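To start, the structure under review is shown below, and the notes come after it.
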Number of protein chains: 2
Amino acid sequence: MRFDDRKKRILSAIVETYIRTGEPVGSKTLSEFPEISVSPATVRNEMAALFEMGFLEQPHTSAGRVPSHLGYRAYIDGLMRAKPLTDDEKDGIDALFNISDPDPDKLLADSAETLAEYTGCATVAMTTTPSYVTVEHIDIVPADETTVVLLVIASNGVVKSKVCRLFFRVNTGIADFFRKFANDRFCGHTLKEISAEFVSAVSIQLGEYSNVFNPLIVGIYELCKEVYDGQYYLGGREKLLTYNEYSDRALEIMKLISKRDKLGPVIGNNPSGVTVFIGKENSLSQLSGSSLLVARFSIGENDCGTIGLIGPVRMDYSRLIPHLEYFAEKLGTLLSITYQRKTGDDNG
Amino acid sequence: MRFDDRKKRILSAIVETYIRTGEPVGSKTLSEFPEISVSPATVRNEMAALFEMGFLEQPHTSAGRVPSHLGYRAYIDGLMRAKPLTDDEKDGIDALFNISDPDPDKLLADSAETLAEYTGCATVAMTTTPSYVTVEHIDIVPADETTVVLLVIASNGVVKSKVCRLFFRVNTGIADFFRKFANDRFCGHTLKEISAEFVSAVSIQLGEYSNVFNPLIVGIYELCKEVYDGQYYLGGREKLLTYNEYSDRALEIMKLISKRDKLGPVIGNNPSGVTVFIGKENSLSQLSGSSLLVARFSIGENDCGTIGLIGPVRMDYSRLIPHLEYFAEKLGTLLSITYQRKTGDDNG
DNA sequence: TATTGGCACTCGAAAGAGTCGAGTGCTAAA
DNA sequence: TTTAGCACTCGACTCTTTCGAGTGCCAATA
């Protein structure tokens, strides 16, 4: 049986109509489409064929047809006409990223929230740190008598800080000593190397002072770990409640996507561009009723993170895929500006 | 009509049974309670009286009775026997707060999440900064050639930092100059004073350098604002989905409580101890189906924040009120240790 | 040969009828 | 003042009926 042109048009129309209405699509409705314009009976014959080929499902005998996962897949891979963003939509997204000096962490969290608002889906934004990234510099700044601010600057430009409150007074001498010590021991090592064992070993080298300085050493460890772990932000999880598909599963899905160890591996390892997982294609069985759209973004040349959408299988792919793509691109651009300035200025 | 002892016992039993089962409570059920032990007919007479007095409501003629808001209020204010925490429960909460050197912001966010997990309610945690808090110290630390870390330390011990990426190379001289300038202009001023206008005025004093240093001045402004605004964290909003009461209102409530400008004023201005708003007592009409429990916590002597529970009116007050109280107390204690060490060590 | 009109059939959704039982209010007796 | 007795109410549940959108199949048609 050939998957001829009319079958393609009919499948397209079924997918699009079902996405729009949420109701199974019947032969009469389809026959009224200008790009189809054959009688309902003919449409029925074609639908029977598409059903045979696995592209359609039938909720029950006397209902219309609904796309199967295969049907969605065929639609997305070949039939769909992506709706390019209007200038207004582009301007809208551009405006979101028109921030002069963003805090990268907040930017990511805000992006997730904004993208959720923009798409009506739950979103996830995640960054990962390549294993070659090293500690570039550690600093310690006395804030008041017993408080210091610890800074860890990584070779990828990420800076993290932490307030440490100590049990003794910190003067410039102590700060200088510790700064030198910490830089000597940590700089140049990859973040990956800096394990609890590594830190214990460093601590021992402080000899009798190891107890006193322990909060700072632990602080450095925590900051390194924080940088290496990257970020994981969710946005608009409550959007799932607006879809009847999730009427009683919403809580389960909301909990699931909150867990980085569950969703992270799934979204973290995809080619560039937008990757789509439709329903049962998801490796997590709980997501068999959901579709997942993920897009990588990069800082300059370096692949650095993923931003994704989670919504019902019946989501508007033709609109959301280009949106997500554009959004990820813009996010990458802004992060690149933020992080690359330090080297970009070298020539000036 | 007297609100005599037996009426009180019956009202108590109705509230407690209804909280437990979610079903209207009938006379037969009540007559079997040992503390009531009169016939169903007598109970019915008493219930009719309690209904007259406004303590009960009746979903429909042939259903049992349900507490009215007045009924809950009477229960909470006079009849309820608070269930003190068991040692195990106390240990559980104590363990949550057994952290050596917490980041205050994370602590608050984690507390909200943990409290939600512990109580099954949505939670909110908020801090406010008294208007007398001043800027104590500003620091600027070069991180790499064009990146600096800005620090603002407030007189209440709060430290905030921000990474600023600049368009020029920062050497020690520039950093020293700006540090002195910023401390001269900002220190001693209350956070409240540091408005956009204030910052513009300061910026002008930099003369020809005002453009160059503007990102730093703006950074200081943002940090001051961040400290002054305090924090607002939500936890476990999805818990609301577990109550049928919220079957179709969950989304609305989740959105509402996410808005600090809506919920903040309601929870931010209450006496110490646990304050309870039952259903329609809430000034926000959308919360008429919810109860709100709020508890203040303080750092040392200074009142500093609020932590609260949001759940269905039918919540287990006798358990949750003591829990929230203990939780707020512990949170305050840990924050006090964190913030007060700097002065507490002055005697040593 | 592909398309179409006709027709009997299917099956879920919605509406209506009947039953059940928990719970009530009222009255009269204890 | 308390209680047993009794008629009554009304939601929850079940069963049945009706309705109609949609189907599959077949014979007629272009």
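Chain identifiers are assigned alphabetically (A, B, ...) following the order of the sequence lines, protein sequences preceding nucleic acid strands; residue numbering begins at 1 within each chain. Keep in mind the model is a prediction, meaning the values are calculated, not measured.
- For the pair B:Val38 and B:Glu46, the minimum side-chain heavy-atom distance is 4.5 Å or more.
- Salt bridge B:Lys7/B:Asp4: present, at least one basic N to carboxylate O contact under 4.0 Å.
- Going from atom CD of A:Glu46 over to atom P of D:dG22 covers 19 Å, rounded to whole Å.
- Not a single donor-acceptor pair, N or O on each side, falls under 3.5 Å between the base of C:dT10 and the side chain of A:Thr61.
- For the pair B:Gln58 CD and D:dC10 P, the computed distance is 10 Å after rounding to whole Å.
- Heavy-atom nearest nucleotides on DNA chain C were determined for B:His60 and for A:Pro59, and the one closer to the 5' end corresponds to A:Pro59.
- Around the CZ atom of B:Arg249, the shell of radius 6.0 Å holds no more than 12 heavy atoms that belong to other residues, nucleotides or ligands.
- With respect to the salt-bridge test (charged N to carboxylate O, under 4.0 angstrom), the residues A:Glu32 and A:Lys28 qualify.
- Contact annotation: the side chain of A:Leu263 approaches that of A:Ile267 to within less than 4.5 Å [non-hydrogen atoms, C-beta and beyond].
- To the nearest angstrom, C1' of D:dG22 lies 14 Å from CZ of A:Phe51.
- Between the side chain of A:Arg44 and the base of C:dG6, a donor-acceptor pair under 3.5 Å is found.
- If you measure from atom CG of A:Leu56 to atom P of D:dG22, you get 15 Å, rounded to the nearest angstrom.
- Contact check of residues 28-43 of chain A against DNA chain C (heavy atom, cut-off under 4.0 Å) returns A:Val38, A:Ser39, A:Ala41, A:Thr42.
- Here A:Arg6 reaches the OP1 or OP2 of C:dT3: one of its side-chain N or O atoms lies under 4.0 Å away.
- Between B:Ile10 atom CD1 and C:dT24 atom P there is a gap of 11 Å when expressed in whole angstrom units.
- Residue A:Arg65 places none of its side-chain N or O atoms closer than 4.0 Å to OP1 or OP2 of D:dA21.
- Between B:Asp5 atom CG and D:dT1 atom C1' the separation is 17 Å, expressed in whole Å.
- The aromatic ring centroids of B:Phe55 and B:Phe3 lie less than 6.0 Å from each other.
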- After noting the C-alpha distance and the side-chain angles of A:Phe33 and A:Thr17, does the key distance pass the side-chain contact (heavy atoms from CB on, under 4.5 Å) rule? CA-CA 10 Å; A:Phe33 277 65; A:Thr17 308; 3.2 Å; yes

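- Whole-Å rounding puts the A:Asn45 CG to D:dC26 C1' distance at 11 Å.
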